[in-house]
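Reading through the structure tokens given below for one structure.
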Amino acid sequence: MIVFDKPKALTDAPLHYCPGCTHGIIHRLVAEAIDSLGIAGDTIGVASVGCSVFTYNYFNVDMVQAAHGRAPAVATGVKRADPSKIVFTYQGDGDLASIGMAETVHSAARGENITVIFVNNAIYGMTGGQMAPTSLPGQVTQTSPYGRDTNTVGFPVKVCELLSTLDGAGYIERVAVNNVKNVKAAKKAIEKAFRNQVEGKGFSLIEVVSTCPTNWGKTPQGALEWLEENMLPYYPLGVYKDKFAKEEAK
Amino acid sequence: MADKILMKGNEALAEAAIMAGCRHYFGYPITPQTEVAAYMAKRMPKIGGVFLQAESEIAAINMVIGAAAAGKRAMTSSSSPGISLKSEGISYMAGCDLPALIVNVQRGGPGLGGIQPSQSDYFQATCGGGHGDFHLLVLAPSSVQEMADLVAKGFDLAEKYRMPCMLLADGTMGQMMEPVSLTETKPEAHDKSWALTGTKGERRPNIINSLALQPQELEKWNEDRFARYAVVQENEQMAECYMMDDAEYCVVAFGIAARVSQNAVDAARAKGIKVGMIRPITLWPFPEKVLKAAADKCKAFLSVELNMGQMIKDVKLAIDCKKPVGLCCRTGGMIPSPEEVLAAIEKMQKEGN
Ligand SMILES: Cc1ncc(C[n+]2csc(CCOP(=O)(O)OP(=O)(O)O)c2C)c(N)n1
Ligand code: SF4
Ligand SMILES: [Mg+2]
């Protein structure tokens, strides 16, 4: 039995992510979902602006690179232009929950039949570690050097909770990739988010609670511990909405 | 030729887009172009097309990017403040070499400005209208018929040269009603092998992207793009010459300013002044060739604009400042009267002699 086989939906390009960064695992899970559904030839990816900007070199599918925060709007255009294609975005927290909040909320509200992979590492990774909309209270970053002060900059945005209030949003789940059990659950969730689209069901978003050891100033192992102790309590894992399950039950 | 029907400029351009094969429209309401969206909302669902009211102009232009990336004829329309929001997307389209049509039915600015006609987005349109080294094709209609005719032309040019095209109209063009004849046009066949259609497992992935972190690479991309722009500048200049054969003085005006100026030219001719008019139809590429030729014959030029004087710079550049160039302008939504333009022509004649 081959234990480690690279998914076909990943190219041979070496990933540029830092050691211990969970972007790589998430790429793999997305690629495995694409492979297991056999949709690579009909999939179109939308890369965002953040550390994952180069995803267009990594996924073995047609890709377009969107401006910062605009990936869901670009994905909407692609999907409306050719509904037979499977369209996904891959976005960080700065991209999706700050500059692109309007595009995120409205693509969900419209029930756009797309799949959104949302990588929440509580920081602006690519630009060197500034405060993100998801940075935790007290979290020290380059632009919150004394810790995120909720009196002056308010509180983190809980994307899954927020979107699950929208009637248009279909399937919203928060997962993590910090241990084997969670990776397995994440794999299932991501695959379901793609399958929903194949079945024409509507908007699916998977938030993956992730690490950024580099900008958190932690070792890969230390980052996983910080995630477990700080991120997971603030961002509880689980299914926040599954409109389709309800529809199926009816 | 189809029968003439009475139509608003905004509606004529919308129907013309449909007749030119556009089936993907994304927009956001703003006066004075909302009729385009309303028309598309009515028509697109009936013909299997897509009309989508986006959450903002930013989203609308990015939806156009998505549809254009998928290889479709896509368009958006807006008016000045909305075009500012689209500028980010327009820059990305230029950087990604994506063709699409962007309509700007201009109103007065800056800021929220007003809702009356204006040409004050000339700089924004002809200098690119977003960050980075790039140009748009910019077409300027001066009648409802041209609002329609330039739509198919714009799509064809955009696809031929793989660059976004802007139809730069103004509130008058959008709102006024004139007889127009509309005919179905067949899109010119241009290569779209770059489009995102899914690999089907049969080819390497297509990537549409404007990011190049290596300066050498980005420089090369920009140089290649400008080589293409040079071909556009050589081959695609369009202008209408009115009474230029024996003209000693030359008015330069586009859009609604040209309509007014034509009356003024007629009035000046009736007074024995040998004046003609060059009406740029392409603002980028600017019709330098006809202007250069006119510079050899004419004593002076007059730029007539609905702004504080923007095109006048291109006029001066086109004629290498060989002759004096005067300015007759109103701004903020005001339109110069034919009498004002006539007075400016008479002044030009006095000073030119
Ligand atoms: C309009 C615009 N503003 C700012 C930037 C700079 N920028 C690049 S990446 C980034 C933050 C990305 O953070 P996130 O989305 O959380 O992704 P991560 O790098 O953490 O994966 C910013 C602000 C940009 N490219 N474009
Ligand atoms: S900076 Fe952070 S998010 Fe970016 S690759 Fe490195 S660890 Fe990952
Ligand atoms: Mg981040």
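Each chain gets a letter, A, B and so on, in the order its sequence line appears, and its residues count up from 1.
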For atom CG of A:L162, decide whether the heavy atoms of other residues, nucleotides or ligands shown that lie under 6.0 angstrom number more than 12. yes

Applying a strict 4.5 Å limit to non-hydrogen atoms, the region of B:K72 in contact with chain A is side chain

Against chain B, label A:A67 side chain, backbone, both or neither, depending on which of its atoms sit under 4.5 Å from a heavy atom there. both

Taking everything shown except A:K201 itself, do over 12 heavy atoms lie less than 6.0 Å from its NZ? yes

Counting only heavy atoms closer than 4.5 Å, note whether B:L52 contacts chain A via side chain, backbone, both or neither. side chain

Considering residues, nucleotides and ligands other than B:K200, do more than 12 of their heavy atoms fall under 6.0 Å from its NZ? yes

Quick one: closest heavy-atom pair of B:M63 and A:T76, and the distance? CE-CG2, 4.0 Å

Contacting region of A:V53 [heavy-atom separation from chain B under 4.5 Å]: side chain

Is the NZ atom of B:K192 crowded by more than 12 outside heavy atoms at less than 6.0 Å? yes

Would you mind checking which part of B:R203 comes under 4.5 Å of any heavy atom in chain A, side chain (CB onward), backbone (N, CA, C, O), both or neither? side chain

By a 4.5 Å heavy-atom criterion (distance strictly below it), what part of B:A195 contacts chain A: side chain, backbone, both, or neither? backbone

Nearest-0.5 Å distance, CD1 of residue B:I207 to OH of residue A:Y56: 7.5 Å

Under a 4.5 Å heavy-atom cutoff, which of B:A54, B:C96, B:A59, B:A70 has the most pairs with chain A? B:A59

Evaluate A:E103 against B:E55 for side-chain contact (heavy atoms from CB on, under 4.5 Å), listing each step before the verdict. CA-CA 7 Å; A:E103 286 79 1; B:E55 60 270 30; 3.9 Å; yes

What residue, out of B:L211, B:L213, B:I61, has the most heavy-atom pairs lying under 4.5 Å from chain A? B:L211

Partner chain B: residue of A:T11, A:T43, A:I39, A:D42 with the largest heavy-atom pair count (under 4.5 Å): A:D42

Heavy-atom count around B:Y28 OH within 6.0 Å, excluding the residue itself: above 12? no

Short question: side chain of A:K85, backbone of B:T197 - any donor-acceptor pair under 3.5 Å? yes

Among A:R70, A:H106, A:H68, A:R110, which residue forms the greatest number of heavy-atom pairs with chain B at distances under 4.5 Å? A:R70

Should B:L196 and A:V64 be marked as a side-chain contact (heavy atoms from CB on, under 4.5 Å) after you check the CA-CA gap, both sets of side-chain angles, and the distance that decides it? CA-CA 8 Å; B:L196 308 185; A:V64 51; 3.6 Å; yes

Decide yes or no on side-chain contact (heavy atoms from CB on, under 4.5 Å) for B:Y92 and A:Q65, but give the supporting numbers first. CA-CA 9 Å; B:Y92 274 74; A:Q65 204 279 309; 4.3 Å; yes

Before giving the answer on side-chain contact (heavy atoms from CB on, under 4.5 Å), spell out for A:M63 and B:I208 the whole-Å C-alpha distance, their side-chain angles and the decisive distance to 0.1 Å. CA-CA 6 Å; A:M63 297 278 305; B:I208 291 179; over 6 Å; no

Side chain from CB out, backbone as N, CA, C, O: work out which of these in B:V64 comes under 4.5 Å of a heavy atom of chain A, or both, or neither. neither

Against B:P205, only a single residue in A:N60, A:I44, A:V61 fulfils side chain to side chain contact (heavy atoms under 4.5 Å, CB included); can you say which? A:N60

Pair B:R204 + A:D62: basic N to acidic O under 4.0 Å: no

